[in-house]
Amino acid sequence: QGEIAVINTCGFIGDAKEESINMILEFAQAKEEGALEKLYVMGCLSERYLKELEEEIPQVDKYYGKFNWTELLADLGNTYRQELGNERHITTPGHYAYLKISEGCDRSCSYCAIPIITGKHTSRPMEEIVAEVKHLVAQGVKEFQIIAQELTYYGIDLYKKQKIAELIEQIADIPGVEWIRLHYAYPAHFPMDLMRVMRERPNVCKYMDIALQHISDNMLSRMRRNVTKEETYKLIENFRKEVPGIHLRTTLMVGHPGETEADFEELKAFVKAAKFDRMGAFAYSEEEGTYSATHYEDNIPQETKEQRLSELMAIQEEISAEEDSIKKQFIPIFQQIGVPNDFYNVAISTSFISNVDMDEKRVFFDTLRNFFERGIIEDSDTVYLNSHTHNKILTYRDSTDRRRLETRDFITISQAREILAGTTADTTDIMKFVKPNYRCDTRASKEELKKVLMKVKKESEKIGLKLNI
C-alpha cells in the first residue's frame, strides 16, 4: 500500500506479457479500492501495445514506453540530470550489479520480437561504461554481470568492428573488479579474441551464456540464425579448447514452424553430445510482427511442442544428475576427517576436484575440521570448496542469518595454513566480503572427473585416507 505504484513490464514472450498484464490488473483493482492514488506503467509491454493498453485498462493514470522514462521522472516531480547518469541506485545486493553495454538488436531471427521492441543495436561508448564501473566499484560492487540483447555485436555501430574483448579487458583492469560474468552471446561470427580474454584474465569468469536455439541446418535456416550445424559444433569445441574448464549455458527452442521429427532427433543428439553445464528450453510461441508470424504457419500442435520440450529437458536432467553423482563420490573424504554424518550441505565444485592438488585438498579438509571443532562453522552453515583460476578457496555462509545469505567468506590455501599453524590470532581478520550468492566454478567432463577421482583415491591412500570411490 502506498500513494504511487510504477510497474515496469516485459513484452517479449507470451508468458511474460501475461504476467505483466496480471500485475497491472492487480494494482488497478487496488487503485479502485482506494489503496493507491496513482498508477503508472512503463517498459516493453507498453512500448509495444500502448494504444491497446490505454483502451483496455484505463485505470492506469499514464503509460510510458521503454525509452521515455524521463517523462515519468517529470510526472513524479523530478528532472533527469545528464551529468549524474552513471550514479546508479542499484536494486541488487550491494556486492554485484548488472551492467548493460548496449540496447537493441540488429539480428533478424525469425521468432524474435526484441528488435521490434528495442530497435536497432546501439552500443554505449566504452569510456562511459568504464566510468560507470569505476563509480560502482567505489560503492562496493565487486561482481559485474555484463548484459545486452546481443553481447558480441558490441562496438560495430560505434567503432565499425566488434569491441567486446577490448571492453572486457578494460573492465577487468579496473582495481576492485573481482568477477566479470558474460551473458547473452550470439553464435554467428563469435569474436574469438574474447576466448583469450576469458582464459587469461583471472577475474573474468570461465562462463558463457550463449543461446544456440537449435542444431539442424533446416531449422537454423528457417530461424534465420546465420550459422550452421557444423559451425555450432566447432564453436563449442573451440570454447572448451581455448578456455579449459569453461562453464557453458545455452537456451534451445522446440516447435518452431517447420520442425520435423528428424530435426528434433538431431536436437536431442546434440544435447547428449554437447553436455551443457546448464540448459534451458522453451516451446515456440508466435509473436505478432515477427518474420515467423508473417511468413510461416504455426503448424505444430501445442501438445507436440510440450512433448518435445519435456523430452529435451529430461535428457539435460540426466546429464546434470550424472555430473552431480560424480561430485558426490567425493563426500567420503569428509566422513574420513570427521565431518558430522548429518552435515550434508557441503558443495564441491568440479573445478576444486580438477584443479586443486591433494596436498592443498588436505589443508582444506583439516581447516574444515578445525572450524567445526572451534564452532566457526556449524551445521547450519553451507560450505563450498571451490577453485577459481589461481584462487583455491573455501567459502561458507550461515543459512540462519539472512544478511549473510548474500555474502561469501573465503579462505585461500595460504590463509588456511596460517590457521592450522596457529599464526593467525583472529580468524575473522582474514575473512573478506567478496563473492555473490552463486558460484563461478568451472566444470570438467565426466571422463576427466573420473581420471581425477582415481588419482585422488591413489594419492589419498598415501596419507591414510581410504576413499570409497
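Below, all heavy atoms of this structure are taken into account, side chains as well, without hydrogens, waters or symmetry copies. Numbers here simply count residues along the sequence, with the first being 1.
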Between [X] and [Y] (side chain of the first, backbone of the second, donor and acceptor by atom type, cut-off under 3.5 Å), is there such a pair?
X	Y	answer
Arg48	Ile116	no
Glu143	Trp179	no
Thr92	Tyr96	yes
Tyr159	Met126	yes
Asp277	Arg249	no
Glu47	Lys66	yes
Asn203	Val177	yes
Thr290	Glu286	no
Thr118	Ile114	yes

Considering only NZ, NE, NH1 and NH2 on the basic side and carboxylate oxygens on the acidic side, decide whether [X] and [Y] come within less than 4.0 Å.
X	Y	result
Glu259	Lys305	no
Glu261	Lys268	no
Lys275	Glu318	no
Glu287	Lys17	yes
Arg124	Glu103	no
Lys163	Glu166	yes
Lys120	Asp106	yes

Report summary line: Here the ring pair (Phe, Tyr, Trp, His ring centres under 6.0 Å) pairs for residues 293-318, sequence neighbours left out, are His256-Tyr296, Tyr291-His295, Tyr291-Tyr296

In the structure I gave you, are the side-chain heavy atoms of [X] and [Y] within less than 4.5 Å of one another anywhere?
X	Y	value
Cys109	Met223	no
Arg199	Glu242	yes
Gln213	Tyr111	yes
Tyr284	Ser292	yes
Arg308	Leu312	no
Tyr186	Arg107	yes
Arg201	Ile180	no
His121	Ser123	yes

Once rounded to the nearest 0.5 Å, what's the spacing between atom [atom1] of [X] and atom [atom2] of [Y]?
X	Y	atom1	atom2	result
Thr251	Phe276	OG1	CZ	10.0 Å
Leu151	Gln162	CG	CD	10.5 Å
Glu317	Met279	CD	CE	9.0 Å
Asn8	Trp69	CG	CH2	12.5 Å
Ile21	Leu45	CD1	CG	5.5 Å
Leu99	Gln145	CG	CD	10.0 Å

Report task. Could you pull out the closest heavy-atom pair between Met198 and Cys205, with the gap in Å? Result -> CE-O, 3.5 Å

Query raised in the report: Does a donor on one side chain sit under 3.5 Å from an acceptor on the other, for Glu311 and Gln307?
Result: yes

Query raised in the report: Has Glu288 got more than 12 heavy atoms of other residues, nucleotides or ligands less than 6.0 Å from its CD?
Result: yes

Query - Enclosure of Glu52 CD (heavy-atom neighbours >12, cutoff 6.0 Å) - result: yes

Query raised in the report: So, Phe190 versus Phe239, ring centres under 6.0 angstrom or not?
Result: yes

Requested in this report: Assess the pair Phe270 and His214: is the distance between their ring centroids shorter than 6.0 Å?
Outcome: no

Requested in this report: Evaluate the side chain to side chain contact (heavy atoms under 4.5 Å, CB included) criterion for residues Glu19 and Asn22: first the C-alpha distance (whole Å), next the side-chain angles of each, then the deciding distance (0.1 Å), finally the verdict.
Outcome: CA-CA 5 Å; Glu19 182 179 348; Asn22 287 339; 5.8 Å; no

**Report entry** Test side-chain contact (heavy atoms from CB on, under 4.5 Å) applied to Pro187 - qualifying residues, sequence neighbours left out
**Finding:** Ile210, Leu212, Arg225, Val227, Leu235

Query raised in the report: Taking it one step at a time, do Lys206 and His247 satisfy side chain to side chain contact (heavy atoms under 4.5 Å, CB included)?
Result: CA-CA 6 Å; Lys206 294 181 178 181; His247 185 118; 5.9 Å; no

Query raised in the report: For Val141 and His95, what are the C-alpha separation, side-chain angles and deciding distance, and is it a side chain to side chain contact (heavy atoms under 4.5 Å, CB included)?
Result: CA-CA 4 Å; Val141 176; His95 52 278; over 6 Å; no

Report summary line: Given the options Asp209, Ile129, Ile168, Ile146 meets side chain to side chain contact (heavy atoms under 4.5 Å, CB included) only with Ile168

